[in-house]
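Let me begin by presenting the structure, written as structure tokens, before commenting on it.
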Amino acid sequence: MNQSRIAPRRWWYIMPIVFITYSLAYVDRSNFSFASAAGINDDLGITKGMSSLLGALFFLGYFFFQIPGTIYAERRSVKKLIFWCLLLWGGFASLTGVVNNIPMLAAIRFALGVVEAAVMPAMLVYISNWFTKSERSRANTFLILGNPVTVLWMSVLSGYLIESFGWREMFIFEGIPAVIWAVIWWFTVKDKPEDVGWLSAQEKKALSEQLAKEQKEIQAVGGYREAFRSRSVILLCLQYFFWSIGVYGFVLWLPSILHDGKEMGMVEAGWLSSAPYLAATLAMILVSWASDKMQNRKLFVWPLLLVGALAFFGSWATGSHNFWLSYGLLVIAAAAMYAPYGPFFAIIPEMLPKNVAGGAMALINSLGALGSFFGSWFVGYLNGNTGSPSASFIFMAVSLLVSAGLTLLVKPQQAATKPEDVSLTQGSNN
């Protein structure tokens, strides 16, 4: 059977759920930037340096709990893990709106990172249970689109909520949907195709056989230790670390950069903050399609990161003399930074077998979280201490340049264990 014709209804049942779930996760990690621009610092007595640290604490919690959560998802249940994550992160997000001191805010930001840590790799594990190799890149792209699409509408909504009510109400209102979605998730999601009633026995059999066949064709890797030590996985960890510095330095502080660069209200800042993510969404779809068409992943990663770096350099050179030219370059930077996500996340399952791919993805995502922590903290620190975004533009540009260079060094075929080594590692623990 043609792989594209195996149970096509999977796309209509699975992808909306995947997209919405990951979208809700991004609301709670991005809206802190709007509160920072709207007065939370003055209300709670937060200094500029402390503000950057509080915004970044999310990623510290995110860093520590990636791998344990993903191992649970691989060995036990994605459904149960995500259900509890949804309930907890919705609750913590709403609690942010009632904090009255800095220690409480710091604890909630860290806790949010902890409960959201395994969402990305767990959802990739979930997709691998439902979609074949020829479909997985497109499926992964639908998942990752939850990032820019969410920030797009969240930017507009947050601006209106703050303008109409305040930053506290924004946090409370934007945390509630995750709790509601947890209930919907529990009653609609099954871990594997054989558990659902909306696929026929023939469809389940065809999908199961295809997935099993693909695993047999991938060269075996004995366990996580073997995979984590491979040159390509190490390079991808470093590459994603520097890439994430640029992405989250941008995401977390864009509203403040715009608000400080041109006198405007929060509604206007919200609309202007959304445009880069519209460009990013369109770029991601186009680049993912081209990457699948040409079956060349690296070609659609490093050149775009280079474009993003050059756009940041251009925005720095423009400075405050021409706000709209500088803003246009930031739109280009956002599109260039987001566009490679689809091809990038297609690299790992194409070079590692299922028994270690999830763990490797979690490790790479963990290093990305560490880069996100450092980027969001240091960009906020630079902005606060220099009084302008110029230094942070240079910092993000250099980070993207390093990431592009590391991508060129990756040779995915080296990630697989040599045949003679496999026999020595078959007995190792996963």
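The CZ atom of R9 sits 12.0 Å away from the CD1 atom of I14 when rounded to the nearest 0.5 Å. To the nearest 0.5 Å, atom CD1 of residue I46 and atom CD1 of residue I40 are 5.0 Å apart. The distance from the CH2 atom of W289 to the CZ atom of F300 is 9.0 Å, given to the nearest 0.5 Å. I245 contributes atom CD1, which lies 9.0 Å from atom CG of L400 (distance to the nearest 0.5 angstrom). Separation of atoms OG (S366) and CZ (F65) is listed at 11.0 Å; rounding is to 0.5 Å. We find the CZ-CG distance between F83 and L88 to be 9.5 Å, quoted to the nearest 0.5 Å.
Between the S291 side chain and the V287 main chain, no donor and acceptor come within less than 3.5 Å of each other. Looking at D195, its side chain never comes within 3.5 Å of a backbone N or O of K190 through a donor-acceptor pair. Between the side chain of S372 and the main chain of G368, a donor-acceptor pair closer than 3.5 Å is present. Panel note: side chain S128, backbone V125; a donor-acceptor pair is recorded below 3.5 Å. Side-chain N or O atoms of K298 include none that pairs as donor or acceptor with a backbone N or O of I347 at under 3.5 Å. In this structure a side-chain-to-backbone donor-acceptor pair under 3.5 Å is missing from Q239 to L406.
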Side-chain donor-acceptor contacts of residues 93-100 below 3.5 Å, not counting sequence neighbours, with atom names and distances?
unit_1 : atom_1 : unit_2 : atom_2 : d
S94    : OG     : G90    : O      : 3.4
S94    : OG     : I172   : O      : 3.0
T96    : OG1    : F92    : O      : 3.0
T96    : OG1    : A93    : O      : 3.2

Could you walk me through whether I364 and F344 pass the side-chain contact (heavy atoms from CB on, under 4.5 Å) check? CA-CA 11 Å; I364 293 167; F344 177 80; 4.0 Å; yes
Where do I234 and C237 land on the side-chain contact (heavy atoms from CB on, under 4.5 Å) test, with the steps shown first? CA-CA 5 Å; I234 292 171; C237 285; 5.6 Å; no
From CA spacing to verdict: side-chain contact (heavy atoms from CB on, under 4.5 Å), L329, W324: CA-CA 9 Å; L329 288 167; W324 292 109; over 6 Å; no
List the steps and the verdict of side-chain contact (heavy atoms from CB on, under 4.5 Å) for I82 and W181. CA-CA 11 Å; I82 300 297; W181 186 251; over 6 Å; no
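Counting all heavy atoms, side chain and backbone alike, Q66 lies closest to N365 at OE1-CB, 2.9 Å. Across every non-hydrogen atom of V307 and I332, the tightest pair is CG1-CG2, 4.1 Å. T70 and A118 make their closest contact through N-CB, 3.9 Å (heavy atoms, listed as atom of the first residue, atom of the second, distance). The minimum heavy-atom distance linking W130 with L199 is given by the pair CZ3-CD1, 4.0 Å. Across all their heavy atoms, W89 and A178 have their closest contact at NE1-CB, 3.4 Å. Contact record, V115 with V119: O-CG2, 4.3 Å, taken as the closest heavy-atom pair.
Side-chain contact check for V398 versus F313: some heavy-atom pair is nearer than 4.5 Å. Using a 4.5 Å heavy-atom cutoff, the side chains of L143 and Y126 are not in contact. Counting heavy atoms from C-beta on, the side chains of M50 and N41 never come closer than 4.5 Å. Counting heavy atoms from C-beta outward, F19 and S23 have side chains that approach closer than 4.5 Å. The shortest side-chain heavy-atom distance between F242 and M396 does not fall under the 4.5 Å cut-off. Annotation: side chain of L44 is not in contact with side chain of N101 (no heavy-atom distance under 4.5 Å). A heavy-atom distance below 4.5 Å is not found between the side chains of P193 and S208. Considering only heavy atoms from C-beta on, T281 stays 4.5 Å or farther from Y338 through its side chain.
For the pairing with T407, the side-chain contact (heavy atoms from CB on, under 4.5 Å) check across V301, L299, V402, L306 returns one residue only, V301.
Taking the six-membered ring where the residue is Trp, the centroids of F373 and Y62 are separated by 6.0 Å or more. Residues F165 and Y160 place their aromatic rings such that the two centres sit no closer than 6.0 Å. A centroid separation of less than 6.0 Å is found between the aromatic rings of F378 and F395.
Around the CZ atom of F142, the shell of radius 6.0 Å holds no more than 12 heavy atoms that belong to other residues, nucleotides or ligands. Heavy-atom neighbours of K192 NZ from other residues, nucleotides or ligands within 6.0 Å: at or below the threshold of 12.
Checked by atom type, the side-chain pair E174/S158 shows a donor-acceptor distance below 3.5 Å. Side chains of T132 and Q210: a donor-acceptor N/O pair is absent below 3.5 angstrom, by distance only. Counting only N and O atoms by type, the side chains of W185 and T21 include no donor and acceptor under 3.5 Å apart.
Between R10 and E203 there is no salt bridge, since no side-chain N of the basic residue sits under 4.0 Å from a carboxylate O of the acidic one.
Ring geometry for F241 versus F374: interplanar angle under 30°, hence parallel rather than tilted (30 to 60°). Ring geometry for Y341 against W243 counts as parallel: the plane angle stays under 30°, on a 0 to 90° scale with 60° as the upper cut.
For Y13, the ring-ring contact (aromatic ring centres under 6.0 Å, His included) criterion is met by W198, not counting sequence neighbours.
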